[in-house]
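Here the structure is laid out as structure tokens; the discussion comes afterwards.
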Amino acid sequence: MLLSKVYAVLFAAAASAQQLSSQLTQIKDFGPNPRNVSMYIYVPKNLTAKPPILVVPHWCHGTAQDAFRGRPYASLGDQYGFISIYPDSPNKADQCWDVSSKQSLTHNGGGDALGIVSMVRWALEKYGGDKNRVFVTGTSSGAMMTNVLIGSYPDVFAAGSAWAGVPFGCYAADGFGVWSDDCAKGKIIKNGTEWAAIVKAAYPGYNSFRPKIQVFHGTKDDILFPQNLKEEIKQWTAVLGLSSTPTSTTPNTPLKGWTRYRYGTTFEAYEAEGVTHDIPNQADVVMEWFDLKCKGTGCYSRKSGYRTSV
Ligand SMILES: *[C@@H]1O[C@H](CO)[C@@H](O)[C@H](O)[C@H]1NC(C)=O
Ligand SMILES: *[C@@H]1O[C@H](CO)[C@@H](O)[C@H](O)[C@H]1NC(C)=O
Ligand SMILES: *[C@@H]1O[C@H](CO)[C@@H](O)[C@H](O)[C@H]1NC(C)=O
């Protein structure tokens with residue numbers, strides 16, 4: 001728990017002076033929410049037709065407001081017409097997400113994950129959103145939740161982008177919001193088959209589209225050890241039916257010292273040399289991965305995306 005407190009300082013991003021067309025709004029009743037996660041939404045004045053939806057879960061000791069202010073997705077939403085959703089953790093002790101419970105790690109099973117998915121379902125209905133273009137990105141605890149949502153709800157999300165997180169199920173425990181020191185320190189090591197089995201068990205019988213995912217990690221991360229990048233690579237390449245040998249390796253992308261490993265078109269991993277847990281977000285890389293600047297037809301979506309099953 002002590003370690004998790006460190007994140008508070010790391011991600012206390014300065015509020016940028018964004019000139020926005022609208023404002024962050026709280027929604028109280030949005031569907032099944034057994035853990036009482038709070039919902040905040042940013043709906044630009046000018047929405048594109050069938051707007052995409054981006055979910056931005058905060059980090060530990062962060063809030064929905066911190067993620068809203070500390071990331072540029074609201075102003076990018078103004079530019080490109082998509083909606084962003086900022087859930088707020090009910091875990092007031094440390095504001096970390098529930099990425100441990102059987103409930104969150106099960107499709108429609110409950111936990112924080114179901115509360116967040118209810119927000120997505122509510123917004124899709126309310127704003128006539130594009131159910132094939134729902135995305136999730138987060139840092140640290142938000143990256144853990146990104147892995148969880150992609151694993152438990154492959155029928156809801158089109159893609160994820162996880163910054164300094166851990167694999168789906170790595171924090172699995174008997175309880176909500178349990179901190180796993182073993183996982184954080186990179187001591188939970190499995191092969192791809194084992195990691196994929198954990199994802200598959202979240203939604204037994206599901207045999208359709210799997211979201212694509214990109215993951216980022218610093219080599220000097222001493223909060224969530226860099227071994228977790230290796231474990232995420234094994235997990236998602238196995239889930240997506242890809243070889244764990246990269247199809248391309250590109251140095252100094254998008255920053256000097258960062259290496260991008262691509263595994264076909266549905267998974268990529270970035271290893272950021274010398275970077276700590278305080279990994280600098282690259283919104284342009286996220287926007288491109290989600291194809292969120294695209295309006296109209298021909299954009300990346302669950303329909304255009306590669307189909308596979310575990
Ligand atoms: C749910 O969370 C809100 C905001 O933190 C709080 O005001 C409310 O009392 C909570 N409700 C329950 C049933 O715990
Ligand atoms: C909304 O779109 C219209 C038409 O493209 C444009 O004239 C207007 O400036 C936009 N408003 C905002 C707030 O972006
Ligand atoms: C993964 O681990 C399991 C044991 O849990 C083992 O049976 C299997 O052969 C391993 N797979 C690979 C590819 O190493």
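In what follows, residues are counted from 1 in the order of the sequence shown. Read the numbers this way: they start at 1 and go in the same order the structure lists the ligands and their atoms. Not measured: the values here are computed from a predicted model.
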[atom]: which protein heavy atom is closest, and how many Å away?
atom                    : result
atom 1 (C) of ligand 1  : Asn36 ND2, 1.5 Å
atom 2 (O) of ligand 3  : Asn191 ND2, 2.3 Å
atom 13 (C) of ligand 3 : Thr193 OG1, 4.2 Å
atom 4 (C) of ligand 3  : Glu194 OE2, 3.6 Å
atom 5 (O) of ligand 1  : Lys92 CE, 4.0 Å

Check whether any side-chain N or O of Asp66 sits under 3.5 Å from a backbone N or O of Thr63 as a donor-acceptor pair, and report yes or no. yes
Candidates Phe216, Tyr270, Trp289 - the one meeting ring-ring contact (aromatic ring centres under 6.0 Å, His included) with Trp163: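 With Trp163 as partner, ring-ring contact (aromatic ring centres under 6.0 Å, His included) holds for just one option, Phe216.
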Ligand 3 contact on Lys190 by region, counting heavy-atom pairs under 4.0 Å: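 None of Lys190 does.
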Parallel, tilted or perpendicular for Phe135 and Phe290, by the 30°/60° rule?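 Correct class here is parallel.
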Measure the acute angle between the ring planes of Phe267 and Tyr263, then classify it against the limits of 30° and 60° as parallel, tilted or perpendicular. tilted
Within 45° of the ring axis of Tyr300 and under 6.0 Å from its six-membered ring centre, is that where the NZ or CZ of Lys212 lies? yes
